[in-house]
There are 2 protein chains.
Amino acid sequence: MKKTVLVFSALIISLLLLFQLGQYSIISKDMNIEIVIAVVAVVFFIIGVYLNKKSLHKNRVESIEIDSKKIEELDISKREYEVLQLISKGFSNKEIGEKLFLSESTIKTHVSNLLVKLDAKRRTQAIQIAKELRIL
Amino acid sequence: MKKTVLVFSALIISLLLLFQLGQYSIISKDMNIEIVIAVVAVVFFIIGVYLNKKSLHKNRVESIEIDSKKIEELDISKREYEVLQLISKGFSNKEIGEKLFLSESTIKTHVSNLLVKLDAKRRTQAIQIAKELRIL
DNA sequence: AGTGCTTTGGTACTTTAGTATGACCACTTT
DNA sequence: AAAGTGGTCATACTAAAGTACCAAAGCACT
């Protein structure tokens with residue numbers, strides 16, 4: 001929605017500016033030229049926006065598209081994934097236990113399993129690996 | 001967004017058709033007008049590309065640029081920043097010490113200072129906060 | 001030469017993190 | 001019904017992580 005507003009306002013402003021310039025040259029009695037210039041300007045503006053969006057679309061999809069399949073491949077359960085998400089947010093085992101209404105022991109078990117499944121030695125390394133795998 | 005583009009292109013096409021009759025007299029009058037139109041087209045094309053890239057930048061790829069100003073504001077030294085980077089890569093204090101040819105004690109000192117400066121309780125939280133501040 | 005600052009390093013201590021093992025329960029599969 | 005699976009929790013232990021306090025070397029600055 002923000003893009004739409006930006007594009008619209010940019011179009012309106014450019015149109016206003018162009019037709020305001022046209023008012024000066026009314027004296028020279030050549031209205032058609034200003035209109036043609038305005039149209040050309042708007043057309044190429046839209047072309048610029050459209051082409052740029054298309055070229056960025058490929059990169060966008062790659063950077064956003066995350067998780068799902070690899071989580072299953074790594075045999076990470078829902079509970080373990082919940083714990084992983086909270087780990088990446090910087091919570092301690094105790095805090096995670098309080099958030100999920102579980103004991104710290106349970107969290108430790110989940111973390112231990114996560115470290116094995118992600119092939120990590122520490123929780124910080126697990127975060128890094130999970131982000132590389134686009135799980136987080 | 002698709003509707004917006006469609007409506008606008010339809011409007012512009014109709015405008016072009018309406019003022020196509022006037023274009024004959026333009027060409028015969030002055031050749032410089034074509035150059036002006038070309039310049040306007042290029043300029044607005046660039047504006048379109050630029051605005052679109054800026055609007056997409058906020059939503060999608062935000063953590064590319066590191067905010068070196070905030071590092072200074074937080075009074076984080078170069079050494080501390082080096083340690084912070086290695087922490088985010090999942091290394092232990094001992095490993096960081098080996099990489100930087102420092103003792104583990106020194107790393108602990110740096111980490112402790114970093115936690116205070118980043119207002120974090122744990123190294124994992126420090127990573128999260130640093131990424132929010134676009135320091136990492 | 002003294003001041004201030006970063007960096008470095010140490011000791012001693014407390015707190016988290018992580019491992020290993022075993023156990024219990026709920027639920028599904030065979 | 002028996003076996004398997006996932007989640008839960010506990011104990012006991014080792015390993016990191018983090019805190020507090022101190023101290024000294026290496027600088028830049030004036």
Side-chain angles (χ1 to χ4, degrees), chain A residues 66-133 135-136, chain B residues 66-133 135-136:
Chain A
I66 355 169
D67 30 332
S68 36
K69 296 176 185 174
K70 273 178 185 164
I71 298 176
E72 290 182 34
E73 288 177 20
L74 293 170
D75 200 33
I76 295 175
S77 66
K78 330 95 205 168
R79 246 340 188 199
E80 286 167 350
Y81 186 66
E82 287 181 284
V83 173
L84 179 61
Q85 286 177 313
L86 292 173
I87 286 176
S88 74
K89 289 180 180 172
F91 295 111
S92 69
N93 290 336
K94 192 179 179 182
E95 288 171 338
I96 294 172
E98 289 168 357
K99 281 183 183 294
L100 300 180
F101 302 103
L102 299 175
S103 77
E104 194 184 344
S105 303
T106 308
I107 307 301
K108 282 189 177 186
T109 307
H110 288 322
V111 172
S112 240
N113 292 332
L114 275 170
L115 294 182
V116 173
K117 290 174 182 177
L118 287 171
D119 196 28
K121 292 176 182 176
R122 284 162 292 279
R123 49 171 50 208
T124 49
Q125 197 179 0
I127 295 171
Q128 170 69 7
I129 292 173
K131 285 186 177 170
E132 278 182 3
L133 297 174
I135 282 177
L136 283 178
Chain B
I66 37 175
D67 198 340
S68 53
K69 295 176 185 174
K70 274 180 183 163
I71 299 176
E72 291 181 34
E73 288 178 19
L74 293 170
D75 199 34
I76 294 174
S77 66
K78 330 95 205 168
R79 241 352 185 192
E80 286 168 350
Y81 186 66
E82 287 182 285
V83 173
L84 179 60
Q85 287 178 313
L86 292 173
I87 285 176
S88 74
K89 289 180 181 174
F91 294 110
S92 68
N93 290 335
K94 192 179 180 182
E95 289 171 339
I96 295 172
E98 289 168 357
K99 282 181 182 293
L100 300 180
F101 302 103
L102 299 175
S103 77
E104 194 185 342
S105 303
T106 307
I107 307 301
K108 282 190 176 185
T109 306
H110 289 321
V111 172
S112 241
N113 292 332
L114 275 170
L115 294 182
V116 173
K117 290 174 182 177
L118 288 172
D119 195 29
K121 292 177 182 174
R122 285 163 291 278
R123 49 171 50 205
T124 49
Q125 196 179 359
I127 296 171
Q128 170 70 7
I129 292 173
K131 285 186 176 171
E132 279 181 3
L133 296 174
I135 282 176
L136 282 178

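Residue numbers begin at 1 in each chain, while the letters A, B, ... track the order of the sequences.
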B/S/- along nucleotides 22-30 of chain C (protein heavy atoms under 4.0 Å) is ---------

Protein N or O to nucleotides 11-17 of chain C N or O, pairs below 3.5 Å:
residue	atom	partner	partner atom	Å
C:dA17	OP2	A:Asn93	N	3.0

Please list, pair by pair, any protein nitrogen or oxygen found under 3.5 Å from a nitrogen or oxygen in nucleotides 5-7 of chain D.
residue	atom	partner	partner atom	Å
D:dG7	OP1	A:Ser77	OG	3.3
D:dG7	OP1	A:Lys78	NZ	3.3
D:dG7	OP2	A:Ser77	OG	2.8

Can you sort out the partners of B:Ile71 under side chain to side chain contact (heavy atoms under 4.5 Å, CB included), two or more places apart, ordered by chain and number?
B:Ile76, B:Tyr81, B:Ile135

Donor-acceptor contacts under 3.5 Å from residues 97-105 of chain B side chains, at least two apart:
residue	atom	partner	partner atom	Å
B:Ser103	OG	B:Ser105	N	3.4
B:Ser103	OG	B:Thr106	N	3.3
B:Ser103	OG	B:Thr106	OG1	3.1

Between C1' of C:dG18 and CD1 of A:Ile127, the distance in whole Å
15 Å

Judged by nearest nucleotide, the residue sitting upstream toward the 5' end of DNA chain C, B:Ser103 or A:Asn113, is B:Ser103

Sequence neighbours excluded, which residues qualify as side-chain hydrogen bond (donor to acceptor under 3.5 Å, both in side chains) partners of B:Glu72?
none

Does B:Glu73 have any salt bridge (charged side-chain N to carboxylate O under 4.0 Å, His left out) partners at least two apart in sequence or in another chain, and if so, which?
none

Does any pair with a residue in residues 108-122 of chain A pass salt bridge (charged side-chain N to carboxylate O under 4.0 Å, His left out), and if so which ones, sequence neighbours excluded?
A:Glu80-A:Lys117, A:Arg122-B:Glu95

Just how large is the angle between the end axes of the helix from C:dA1-D:dT30 to C:dT30-D:dA1, five pairs per end, to 10 degrees?
50°

When rounded to the nearest 0.5 Å, the distance separating CD1 of A:Ile107 from OG of A:Ser92 is 10.0 Å

Could you list the residues that satisfy side chain to side chain contact (heavy atoms under 4.5 Å, CB included) with B:Leu115, not counting sequence neighbours?
B:Val111, B:Ala120, B:Ala126

